[in-house]
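On a predicted model such as this, the values are computed, not experimentally measured, just so you know. Proteins come first, then strands; the chains are lettered A, B, ... in the order of their sequence lines, and each starts at number 1.
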2 protein chains.
Amino acid sequence: MLSKRAKYAIKTILFLNEYQDNKPISAKTISSEERIPYKFLENILRDLKSNQIVKSIRGAEGGYVLAKKPSEISVAQIMRIIDGPIALIPCVSEKFYEPCLECEDEETCRIRKLFAMVRTEMVHILDKSITDLAGL
Amino acid sequence: MLSKRAKYAIKTILFLNEYQDNKPISAKTISSEERIPYKFLENILRDLKSNQIVKSIRGAEGGYVLAKKPSEISVAQIMRIIDGPIALIPCVSEKFYEPCLECEDEETCRIRKLFAMVRTEMVHILDKSITDLAGL
DNA sequence: TATTAACCTATAAAAACGATAGGGTAATTA
DNA sequence: TAATTACCCTATCGTTTTTATAGGTTAATA
């Protein structure tokens with residue numbers, strides 16, 4: 001399951017993309033509009049910022065802005081930043097690969113083959129950009 | 001991520017399918033062969049039994065047997081029994097549907113549409129049977 | 001200089017996860 | 001029928017993860 005953090009993060013990015021016209025949007029606004037606990041949201045925005053998904057402007061009239069074009073931000077990127085791997089088992093993860101401790105031979109493991117297929121299909125869909133999402 | 005419980009459960013079913021020739025296989029054997037903590041395994045087998053995936057034979061020479069043909073057991077079934085929904089968000093789950101509390105309109109929610117696509121593809125692959133798995 | 005809003009660290013409550021403990025019950029075999 | 005094997009059942013426990021909350025600091029603006 002997707003964590004609430006990740007869901008909040010995706011909603012935040014979608015909100016920024018939709019309602020931003022030059023001016024930054026404050027965490028307070030996002031919090032009340034998207035019903036995300038304020039302090040929890042600040043925490044999430046920090047991660048998104050440190051990963052160059054959003055930029056921040058401090059002080060009065062400050063807030064957050066997308067750090068790149070919406071066509072260059074994918075849901076998969078956001079999920080990886082917040083929740084880590086997309087794959088269901090670590091031994092088939094592209095970005096967070098780890099061997100399974102008990103596994104004897106990765107090459108012949110049927111569970112691995114099945115979940116590699118699952119990962120491929122998941123990533124295929126989740127790699128859609130924020131712009132693509134609007135067209136669904 | 002798949003829980004260890006679910007991974008152990010899938011391994012157990014694969015083991016039963018592969019090494020069973022009429023005789024039941026004991027939890028002890030599965031535990032040592034698949035390196036699954038014994039008491040933890042008993043617990044998992046209980047769930048698999050109550051969901052008619054395996055049958056048990058008590059007493060000496062007892063053990064576990066698949067409760068149906070391997071072609072009728074899917075990885076998705078096992079995952080649902082052990083971990084619950086396959087979908088990444090509850091509002092697109094087929095078997096464990098729940099509305100998202102904050103969601104205003106399911107019909108127009110783009111996150112929902114995206115994750116519905118993800119679920120469809122995941123289920124498509126995970127619905128493969130234990131027999132299909134052997135052919136991978 | 002008052003206000004707004006981002007930034008930062010720490011802590012806490014709750015749930016989930018992975019496992020263990022300790023006994024009870026049924027069937028087989030010697 | 002006694003011993004053994006192996007399933008059955010409930011409870012508990014320690015750790016990690018998740019979901020926040022608290023309380024203050026720093027920067028920009030009006």
Residue whose closest nucleotide on DNA chain D lies nearer the 5' end, A/Tyr8 versus B/Ala27: B/Ala27
Helix axis bend for the helix from C/dT1-D/dA30 to C/dA30-D/dT1 - C1'-based end axes, five pairs, 10° rounding: 0°
Strictly below 4.0 Å, heavy-atom distances to any atom of DNA chain C: list the hits from residues 43-60 of chain A, or just say none. A/Arg46, A/Lys49, A/Ser56, A/Ile57, A/Arg58, A/Gly59, A/Ala60
Does one side chain, of A/Asn51 or A/Arg80, offer a donor that lies under 3.5 Å from an acceptor on the other? no
Of the residues in residues 82-99 of chain B, which ones touch DNA chain C at a heavy-atom distance under 4.0 Å? none
Euclidean distance, A/Cys109 SG relative to B/Leu14 CG, rounded to 0.5 Å: 8.5 Å
How would you give the extent of chain B contacts on DNA chain C, as first and last nucleotide 5' to 3' within a 4.0 Å heavy-atom cut-off? C/dG18 to C/dT29
A/Thr12 versus A/Glu34: any side-chain heavy-atom pair under 4.5 Å? no
Give a yes or no answer on whether the side chain of A/Glu106 reaches the backbone of A/Glu104 with a donor-acceptor pair at less than 3.5 Å. no
For atom NZ of A/Lys11 and atom P of D/dT19, their distance in whole Å: 14 Å
In whole angstroms, how far is the C1' atom of D/dT12 from the NZ atom of B/Lys39? 13 Å
State whether the side chain of B/Gln77 and the backbone N or O of B/Glu72 hold a donor-acceptor pair below 3.5 Å, judged by distance alone. yes
Residues at least two apart in sequence or cross-chain that pass ring-ring contact (aromatic ring centres under 6.0 Å, His included) with B/Tyr64, listed by chain then number, are none
Strictly distance-based, threshold 3.5 Å: is any side-chain N or O of B/Asp105 a donor or acceptor partner for the main-chain N or O of B/Glu107? yes
Keeping to residues at least two apart or across chains, list the side chain to side chain donor-acceptor pair (under 3.5 Å) pairs with something in residues 127-136 of chain B. B/Ser129-B/Asp132
Which part of the nucleic acid does A/Lys4 contact within heavy-atom distance under 4.0 Å: base, sugar-phosphate only, or nothing? sugar-phosphate
In whole angstrom, give the distance that lies between atom NZ of A/Lys7 and atom C1' of D/dA20. 17 Å
Let's test your reading of the model: under 3.5 Å, does the base of D/dC7 pair with the side chain of B/Glu42 as donor and acceptor? no
Any donor-acceptor N/O pair, B/Gln20 side chain to B/Glu18 backbone, under 3.5 Å: no
Roughly, in whole Å, what's the span from CZ in B/Phe40 to C1' in D/dG14? 14 Å
Considering only heavy atoms from C-beta outward, does the side chain of B/Glu33 approach that of B/Ile25 to under 4.5 Å? no
Counting just side-chain N and O atoms, does B/Tyr38 come under 4.0 Å of either OP1 or OP2 of D/dA6? no
Co-membership, hydrophobic cluster, residues B/Tyr19 and B/Leu45, 4.5 Å side-chain: yes
A/Asp47 side chain vs A/Ile81 backbone, donor-acceptor pair below 3.5 Å: no
Counting C-beta onward and ignoring hydrogens, is there a side-chain heavy-atom pair between A/Glu121 and B/Met122 closer than 4.5 Å? no
